[in-house]
Amino acid sequence: MGWEAYYRVVRRIPRGRVATYGQVALVAGKPRAARQVGYALSALRGTSHRIPWQRVLGSRNRASAAISILDPMGSAVQRALLEDEGVEVDERGCVSLARFGWRPRR
DNA sequence: GACATGACGTAAT
DNA sequence: TATTACGCCATGT
């Protein structure tokens, strides 16, 4: 149930912007619950939802490697969706947070 | 309540 | 830069 807070934060991420698990956790009020964010998002796989999970990246500016492990096409889909929103993603799945990082608070 | 699990994060090696 | 180790916290058994 507590995941609703995380989902709410992820839904706030606007198009063309990305956030990290840690940031989502922080905004949700759980500074050290990055794992729970990932765990919560994992529950979204294969379900009907409106959560832009592709805008949530892993450490600092990298896409989660686990995505490609659990869902081989996931990383490709994520990159395609992000680029469609105007976010530049390189071959390694790295994104410049300085340019596309989500800045909440306003 | 103890124990195991997990789309993570940071520091140490 | 890549690997390993450990910490954190919500869930489920």
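This structure is a prediction, so every number in the text was calculated from the model and none was measured. Just so you know, these numbers use all the heavy atoms, side chains as well, and skip hydrogens, waters and symmetry mates. Residue numbering restarts at 1 for every chain, and letters A, B, ... go by the order of the sequence lines.
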Please determine, for the side chain of R62(A), which listed nucleotide (dA7(B), dA2(C), dG7(C)) has the closest atom? dA2(C)

Give the rounded distance in Å between these two atoms: CZ of R60(A) and C1' of dA11(B). 14 Å

Can you tell me how far apart OG1 (T47(A)) and NE2 (H49(A)) are? Round to the nearest 0.5 Å. 4.0 Å

Whole Å only: how far is the OH atom of Y6(A) from the P atom of dC8(B)? 14 Å

Measure CG/L82(A) against P/dA7(B) and give the value in whole Å, please. 20 Å

First locate atom OH of Y6(A), then atom CG of L41(A), and finally report the distance between them rounded to the nearest 0.5 Å. 10.5 Å

How many Å lie between CD on Q23(A) and P on dG9(B), as a whole number? 11 Å

From CZ of R32(A) across to P of dA10(C) the rounded distance in Å is 12 Å

State which of dC8(B), dG9(B), dA2(C) makes the closest approach to the side chain of T20(A). dG9(B)

For a quick check of understanding: with a heavy-atom distance under 4.0 Å over all strands, which category does S42(A) fall into, base, sugar-phosphate or nothing? base

When the P atoms of dA12(B) and dC8(C) are considered, how many whole Å apart are they? 15 Å

Between C1' of dC9(C) and OH of Y21(A), the distance in whole Å: 16 Å

Is a donor on one side and an acceptor on the other found under 3.5 Å between the side chain of Q78(A) and the backbone of Q54(A)? yes

From dA7(B), dC8(B), dT11(C), nucleotide with atom closest to A34(A) side chain: dC8(B)

Whole angstrom is fine here: how far is it from CG in L41(A) over to P in dC9(C)? 18 Å

As a test of reading the structure: which of dC8(B), dA10(C), dA7(B) is closest to the side chain of R35(A), going by heavy atoms? dC8(B)

Round to the nearest Å and state the distance from K30(A) atom NZ to dC9(C) atom C1'. 9 Å

What residue pairs, at least two apart or across chains, pass side-chain hydrogen bond (donor to acceptor under 3.5 Å, both in side chains) with a residue in residues 16-30 of chain A? Y21(A)-S64(A)

At what distance, to the nearest 0.5 angstrom, does CZ of R11(A) lie from CD1 of I13(A)? 11.0 Å

Among dG9(B), dT11(C), dC9(C), the one nearest any side-chain atom of A33(A) is dC9(C)

